[in-house]
Amino acid sequence: MNKPSTQQTILIYIALTIVLIVFMTPIYLIASSSVKPSPIMFQKPPAFLFSPTFEHYKDLFGMRPFGKFILNSLIVALGSTAFSLTIGSLAAYAISRIRHKRMNDVAFWILSMRMFPPIAVVVPYYIIFKTAGLLDTPLALIIVYSTANIPLTVWLMKGFFDEVPTALEEAAAVDGYGLIETFLRVTLPLAAPGLAVSAVFCFIFSWNEFLFALMLTGSEAQTATVAVMSFWSSDAVQWGRIMAGSFIILIPGVIFVLTCQRWLVRGLTMGSVK
């Protein structure tokens, strides 16, 4: 493969710089606004040089139990991710290995569960959880988010399981491994990149979701995304606290993605090179 010329290299770096600026500008604005004094928040022209203040962060944790809301979000996101990966992986493995003419129909039916618009099912969910006494609990959100995450996990993991040669499983069976032991010790480790990709998508959806968290929670199980929007009212919009809360919400997602980065890159490129 020929190396790119100097001009091509310069154009590539220019394009990457433009893309980086486009993606990083909103993050910079959130971070800078979270430490910008309120009087110059909307100053024209914008103030790029100022003395940072942490009053918005102090108000965020002082006026409301924001730490509790962050913990609720972590419990819900991690719980939904773990449950979705467990159930979704088992279902995907069954769909990948069972040879039946109707198996593609089953797979499409599972995917169709992901197609429901949230606004169409939020009221039935509300009635169900209120009747069951689960309203305003993290468990309610874990169940709801899992119904959306499991179909996505099934379709992602099915592709990865299809890439695992069945000859390896047959060899494991000859060595005396049972079906579950073969799945846990042979097939699942080889599909680890798929688990990383699925985990990232499940976590990000559960962490950022707003509508269900708004309708199904109150003061006890409220998540961080809903808590941040409580600073927006008809009387005033407390932009400093909103920006401080938004910046804090960004951090766990970035950490989670960086933690799974090694497997994530392998998962996104698996199948491109034989």
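Here the structure is a predicted model, which means the values were calculated and not measured.
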Okay, side chain of [X], backbone of [Y]: is any donor-acceptor separation there less than 3.5 Å?
X	Y	value
Ser33	Ile30	no
His56	Lys36	yes
Trp155	Ala92	no
Ser89	Thr86	no

Student check: side-chain heavy atoms of [X] and [Y] closer than 4.5 Å:
X	Y	value
Thr223	Val226	yes
Met157	Ser96	no
Ile21	Thr17	yes
Phe83	Tyr145	no
Phe212	Val121	yes
Val35	Phe50	yes
Trp207	Phe256	no

For the hydrophobic clusters of this structure (ILVMFWY residues joined by side-chain heavy atoms under 4.5 Å, transitively), does one cluster hold both [X] and [Y]?
X	Y	result
Phe54	Ile70	yes
Leu74	Ile255	yes
Leu211	Val123	yes
Phe66	Trp232	yes
Ile128	Leu214	no

CZ (Phe210) with more than 12 external heavy atoms under 6.0 Å: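 Counting neighbours around CZ of Phe210, more than 12 heavy atoms of other residues, nucleotides or ligands fall under 6.0 Å, so yes.
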Ile119, CD1: over 12 other non-hydrogen atoms inside 6.0 angstrom: no
If you look only at distance, which donor and acceptor atoms sit under 3.5 Å apart when one is on a side chain in residues 188-206 and the other is two or more places apart or in another chain?
{"unit_1": "Ser198", "atom_1": "OG", "unit_2": "Gly194", "atom_2": "O", "d": "2.9"}
{"unit_1": "Ser206", "atom_1": "OG", "unit_2": "Ser80", "atom_2": "OG", "d": "3.4"}
{"unit_1": "Ser206", "atom_1": "OG", "unit_2": "Asn149", "atom_2": "ND2", "d": "3.1"}
{"unit_1": "Ser206", "atom_1": "OG", "unit_2": "Cys202", "atom_2": "O", "d": "2.9"}

Stepwise side-chain contact (heavy atoms from CB on, under 4.5 Å) check, Ile75 with Leu71: CA-CA 6 Å; Ile75 292 173; Leu71 180 61; 4.0 Å; yes
With rounding to the nearest 0.5 Å, note down the distance linking [atom1] in [X] to [atom2] in [Y].
X	Y	atom1	atom2	value
Ile110	Leu152	CD1	CG	12.5 Å
Tyr13	Ile18	OH	CD1	15.0 Å
Leu29	Met243	CG	CE	7.5 Å
Ile251	Phe247	CD1	CZ	5.0 Å
Ile98	Ile95	CD1	CD1	8.5 Å
Ser219	Lys68	OG	NZ	6.0 Å

Pairs where residues 115-125 contributes a residue and the test side chain to side chain donor-acceptor pair (under 3.5 Å) is met, not counting sequence neighbours: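 Listed once each, the pairs are Tyr125-Thr147.
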Smallest separation among heavy atoms of [X] and [Y], with atom names:
X	Y	value
Pro37	Glu55	CA-OE2, 4.1 Å
Leu60	Arg241	CD1-O, 3.8 Å
Ala91	Val154	CB-CG2, 3.9 Å
Ile242	Phe231	CG1-CB, 3.8 Å
Arg97	Val164	NH2-O, 3.2 Å
Thr153	Ser84	CG2-O, 3.7 Å

Quiz item: cation-pi between Arg64 and Phe69, 6.0 Å / 45°: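 Not flagged: Arg64 not positioned over aromatic ring of Phe69.
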Pair Thr225-Glu209, side-chain donor/acceptor within less than 3.5 Å: no
Quiz: residues 135-143 side-chain donor-acceptor pairs under 3.5 angstrom, not counting sequence neighbours:
{"unit_1": "Asp136", "atom_1": "OD1", "unit_2": "Gly218", "atom_2": "N", "d": "2.6"}
{"unit_1": "Asp136", "atom_1": "OD1", "unit_2": "Ala221", "atom_2": "N", "d": "2.9"}
{"unit_1": "Asp136", "atom_1": "OD2", "unit_2": "Glu220", "atom_2": "N", "d": "3.3"}
{"unit_1": "Thr137", "atom_1": "OG1", "unit_2": "Leu134", "atom_2": "O", "d": "2.4"}
{"unit_1": "Thr137", "atom_1": "OG1", "unit_2": "Ala140", "atom_2": "N", "d": "3.4"}

Parallel, tilted or perpendicular: rings of Tyr93 and Phe161 (30°, 60°): perpendicular
